[in-house]
2 protein chains.
Amino acid sequence: MNFVHPSREDLTLGGVLSALSDPTRLRIVRFLYENRGNCASCAEAAPCPKMAKSTLSNHFRILREAGLIHTVKHGVEHRSVLRKEDIDARFPGLLELILKLAE
Amino acid sequence: MNFVHPSREDLTLGGVLSALSDPTRLRIVRFLYENRGNCASCAEAAPCPKMAKSTLSNHFRILREAGLIHTVKHGVEHRSVLRKEDIDARFPGLLELILKLAE
DNA sequence: TCGTTAGTTCACTATAATTGAACTATTGAA
DNA sequence: TTCAATAGTTCAATTATAGTGAACTAACGA
């Protein structure tokens, strides 16, 4: 399975804001932010066990396509990392502020 | 016509981000930001004259319901102001940063 | 009163999100 | 090496939300 990730310069502000405007996705991003450096499986990063896994998969796809996370296969899991450097390079201060305001 | 505006404490981060994630709405907000203190009619604040006015009206409704603007009737026009104080009180720094990053 | 202006509301279409079911790929155990 | 379990994707169907033209409303001016 090969995931498509946009390159750093293809990140759009609208795409990032839209991706982060959903509470589930924001919680995923927060998890990855706080576990920076560590990859996390979908189940690990997702805060809602009762959510349909297809829905969750879709949220991860949206985060990927917005350029917020990078996902690679790792055994039976799909591990995701937050693309902090790319996001910060493109939109300095945005991620940190949103996560702070969402506390 | 009575418009419903959420109170300051009812503004949600998701609602604000979602509202600002649309390019048309972001341009409206930018216009109102730069003409701070002045109300603006929809036609004035809207940057796309070719857009259907029902679409535009819908964008203003979304901005209103997200708590970003305040609209009052003023003669034949509906004048909108950016609720800068409310937004800044609830989410300090967010509006300014997003507008700066969107330049 | 009639036409114009400025915007809303309605009805319809089109696009996006949610979900269960079926599918794929990897691992671990018998 | 086969079989079951795990972790997620993809598909198809439903539901919700955005975009649009047409009809409507309210205020103003001649």
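All chains are named by letter (A, B, ...) in the order of the sequence lines, taking the proteins before the strands, and each is independently numbered beginning at 1.
Between B/His70 and B/His5, the ring planes are parallel. Angles under 30° get that label, and only those over 60° would be called perpendicular.
Among the atoms of the strands shown, only primed sugar atoms or phosphate atoms (P, OP1, OP2) are found under 4.0 Å from some heavy atom of B/His59. Nucleic acid contact for A/Ile62: sugar-phosphate only, since backbone atoms but no base atoms lie under 4.0 Å from a heavy atom of the residue.
Side-chain N/O atoms of B/Arg79 include none lying less than 4.0 angstrom from OP1 or OP2 on D/dA27. Contact between the side-chain N/O atoms of A/Thr55 and the OP1/OP2 oxygens of C/dT18 is not found at any separation under 4.0 Å. Between A/Arg64 and D/dT9 there is a side-chain polar atom (N or O) within less than 4.0 angstrom of OP1 or OP2.
For A/Ala52, taking side-chain heavy atoms from C-beta onward, the closest of the listed nucleotides C/dG20, D/dA7, C/dT9 is C/dG20. Each of C/dG7, D/dA26, D/dT9 was ranked by its minimum atom distance to the side chain of A/Ser57; first place goes to D/dT9. For A/Ser41, whose side chain is taken as the heavy atoms from C-beta onward, the closest listed nucleotide among C/dG7, D/dG8, D/dA27 is D/dG8. Here D/dA26 is the nucleotide among D/dA26, D/dA7, D/dT9 with the atom lying nearest to any side-chain atom of B/Lys73.
Straight-line distance from the CZ atom of A/Arg25 to the C1' atom of C/dA17: 9 Å, rounded to whole Å. One can place CD1 of B/Ile28 at 11 Å from P of C/dG7, the figure rounded to the nearest angstrom. For the pair B/Leu56 CG and C/dT8 P, the interatomic distance rounds to 8 Å; values are reported in whole Å. When rounded to the nearest whole Å, the span between NE2 of B/His78 and C1' of C/dT9 equals 12 Å. Atom-to-atom, CE of A/Met51 to P of D/dG8 comes out at 14 Å; the value is rounded to the nearest Å. Summarising the geometry, the separation between CZ on B/Arg61 and P on C/dT9 is reported as 9 Å, rounded to the nearest angstrom. In this structure, CD of B/Glu77 is placed 7 Å from C1' of C/dA6, rounded to the nearest angstrom.
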Let me check something: any side-chain donor-acceptor pairs from residues 96-103 of chain B under 3.5 Å, sequence neighbours excluded? List them with distances.
none

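When each of B/Ser54 and B/Asn58 is assigned the nucleotide of DNA chain D with its nearest heavy atom, B/Asn58 is the one assigned upstream, toward the 5' end. Toward the 5′ end of DNA chain C lies the nearest nucleotide of A/Lys50, the other residue of the pair A/Lys53 and A/Lys50 mapping further downstream. Both A/Asp22 and A/His74 lie close to DNA chain C; mapped to their nearest nucleotides by heavy-atom distance, the more 5′-ward contact belongs to A/Asp22.
One N or O on the side chain of A/Ser21 and one on the backbone of A/Ser18 form a donor-acceptor pair closer than 3.5 Å.
B/His78 has its ring centre less than 6.0 Å from the ring centre of B/Phe3.
Here the CD1 atom belonging to A/Ile28 is positioned 7.0 Å from the CD1 atom belonging to A/Ile69, to the nearest 0.5 angstrom.
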